[in-house]
Amino acid sequence: MSTPRKRKNPSGNSPGGSSSRRRVSGQSGSTVTTADAPASPEGASPTPPPPERAQPGPATRTQARPIAGRQDTLIVSSLGAAFSPQVAHRAAKDVTSEREAEAITLVDKYLTRDVANVENVVIPRNHDRRAAASTLGTAISVLLEALLDAPPNSSRHYFDGKVLEFKQALNDSIGSRYSLRTRHTGFVDAVLRHFRACESWLRGSWTVQRGRRLTARAKEKALYELFPEFVLLIARCVGQYYHQKRLGGLQNQRREYRLILPYEKVDTKPKDAEEKARVDIGLVIGDPLVEPHKVHRMTYADLSMIVEAKGSTREQEIAYRQMFRYSRPIYQFQPDRRYLWGLTVCDTDVRVLLFAPMRAYSSEVFDVVTTEGRRTLVDLFVRWSLCEWDQCGYDSAIIRRTLGSTDNSVYYEIPVNSFSQISAGTGGEGAAGTGGEGAAGTGGEGAAGTGGEGAAGTGGEGAAGTGGEGAAGTAVGNIFYCRNPFAVADRLFGRHTRCFRGSFISPNIRRAEDGGVIEEFVLKTGWPEATIDPELDSRDEVRILQRINEKLRQNDRFKNMYPNIVCGGRVQLDIDGVQRQDSTDLLLAAMNVDVPQHRVHKRLITQPIGKQLSNAGSVLELIAVLVDVMTVHTEIFKECQILHRDISISNTLVWRDTDESARGMLIDFDLALPTDQVDLPAGYKRTGTLPFMSINNLEENSNQRTSLDDWEAFLAVVCWIGTFGWQEVDARNDPALTSDDRPIMKWREGSRITIAAAKRGHFDSTVEFYDKI
């Protein structure tokens, strides 16, 4: 039995001041409006790893910078260490071991192997691009086979002829009169150089050197050099296609055409990596007009995909695990990532992996020793070069811009009409209407307007509508301008929630040192579970917030204690002139597989901007904030008949009024449900953040879910704060706080069943509770 921890404070100071336990101030400048993406599609992971801290600093730039424009500064988690369910500052070796264990679990649970047609997901949807990809893939494959079939001691004339045939095939396909002799000698030299560097791998003869068979480890090291040369060979041929097509304006069409290039360093740690992870081979998207080359510095901010190489086919499972482990940070460092691609190369067996929001799919094997395997691999790289931008895994609606040359001058443009189809009507009571009682307009009583009292209007009575009473807001523009996300997606599977601060006002060069962006609203984007038909989507956060706004906006007592919805909806993709909602069904349509969970890409914009609990100025303020949060929770439950179902520290914020008084704010209604649907099968799915989940939700039992489940989660929040503090704890100087021997640590370790059992024991009696917690 452990000894109860003493809660004495001899100095009489608040926990934020001097005490026997050393504390450092929280990130007073950071804000948060939502929890990070859950560790699994159900909202939690059986063994969530502790987060690693990204240190602010400029990300590296490369000559082949990704087309979408990666961020220039590292993303820092929005959650303070003391408030993360996974305690920060763990030893590096502990983090590494937990990540390795997590990768094993994720591969076993979320990987579907040997799926047919995974490579078809990247077939260009546009008819002309699809035809071009097919023609170019055929031409490259014919050239490759001709090089492999070259007689021994073939003359230069032979290779010149084959390359000329390749260039003529390109001319014929695009109707070009490009001179075949233009840049011919240099192109032939480059093709032969790359081919000869990877020829032994394509023939399968690379396993024996100097009469001795290479070990698996030696073969793996050899692959580090062989595979990048193959990638450069394909890039060289694709680049030649661009030249013959005379696409001279490619500088302005970087999302339309691209080269896939390898990094120079292999088996290396990305410069911005937070743990000692060594990526075997990294691929990056490069400018189509540059000479194909190996890119110098590898960063997660730039990585397009990871290639895991192994010298033996028996190491395929190891390659999967490393792929899962090392691909995860890409989501964290790239704010416009929708999904990921990856490759495993085991001996001559190649597989492509697609990481969707709810599962990963591995293709059937391509054996590059066979003609068919080589053709499939060539086609894959050609399609990646010519397909639509979203098919590469990026969000085509997010556009990166800069104001000046400083790292802080980076900002993003997100068109509102790409996701605001579900907002509100043009009149009557609504959340974002242009008239009547609305949440987003130009008239009404406003807190930040030119007239009247209220939230942010310019005249009349209302928060953001053109007339009538409303909740909160300002005029909704066509473009939302924002900085790097302050809440990031750092899990392979789940909602992939990200949050951006910004406004509808175009950035000003005079504010370039601050990114030029005015921060008035929060844009939240993610992939929650949803119904195919939007009208049947009762768990839609936009609709949930609209309902809350309509019911509570008349009561000033609860002003800004919940998110005021401005606009939001499902993200739309323009596919050959047809608007399609961005969903997992659309993503996986080419594979013809059963989709285990229908997830839809959604965005919404809300205000005000809250701050994390570490911004509470004193213990009394902290208590007031927590009281506010559960008060508004109770009101939402009674008046709106909505159960939150995800009470956690990260969803409990501080909001300061104009007089600087602290108020509590409850956010993140991703998992909320109307009370009349809580008892349906979907209501029993595991929801919440592991340490704060109720025992019912952890066990997924058939007990009726009520507001008591949320109150139990709130009790867990109070216990967590009581143990680890309400401000950020420097655990490196107080290792006892992160000791695995502490009973409360059992709330985050092991399976959900073992966590539920631990909580039952701790909550069984007042004696056990006071002794253990």
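Here F355 pairs with F324 under the ring pair (Phe, Tyr, Trp, His ring centres under 6.0 Å) rule; sequence neighbours left out. Remark: R663 pairs with D628 by the salt bridge (charged side-chain N to carboxylate O under 4.0 Å, His left out) rule, at least two apart or across chains. With sequence neighbours excluded, the residues satisfying side-chain hydrogen bond (donor to acceptor under 3.5 Å, both in side chains) with E621 are R656. Among residues two or more places apart in sequence or in another chain, the side-chain hydrogen bond (donor to acceptor under 3.5 Å, both in side chains) test is passed with D659 by S661. Every ring pair (Phe, Tyr, Trp, His ring centres under 6.0 Å) that F714 has, sequence neighbours left out, goes to W711. Taking Y481 as the reference, nothing meets the ring pair (Phe, Tyr, Trp, His ring centres under 6.0 Å) condition, with sequence neighbours excluded. Shown here are the side-chain hydrogen bond (donor to acceptor under 3.5 Å, both in side chains) partners of E388, two or more places apart in sequence or in another chain: there are none. Taking the salt bridge (charged side-chain N to carboxylate O under 4.0 Å, His left out) definition, one finds that R401 meets it with E413, sequence neighbours left out. Every residue meeting the salt bridge (charged side-chain N to carboxylate O under 4.0 Å, His left out) condition with D582, not counting sequence neighbours, appears here in chain and number order: R338. By the salt bridge (charged side-chain N to carboxylate O under 4.0 Å, His left out) test, D390 pairs with R125, sequence neighbours left out. Among residues two or more places apart in sequence or in another chain, the side-chain hydrogen bond (donor to acceptor under 3.5 Å, both in side chains) test is passed with T525 by H601. Residues satisfying the ring pair (Phe, Tyr, Trp, His ring centres under 6.0 Å) test with F669, not counting sequence neighbours, are H644.
The residues D668 and R495 are annotated as salt-bridged, a charged nitrogen and a carboxylate oxygen being separated by less than 4.0 angstrom. Ion pairing between D302 and R297 fails under the 4.0 Å rule for side-chain N and carboxylate O. Salt bridge absent: R580 and D574 never bring a charged side-chain N and a carboxylate O closer than 4.0 Å.
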Problem set entry | Check against ring pair (Phe, Tyr, Trp, His ring centres under 6.0 Å), F521 and F504 | CA-CA 9 Å; F521 303 90; F504 300 102; 5.3 Å; yes
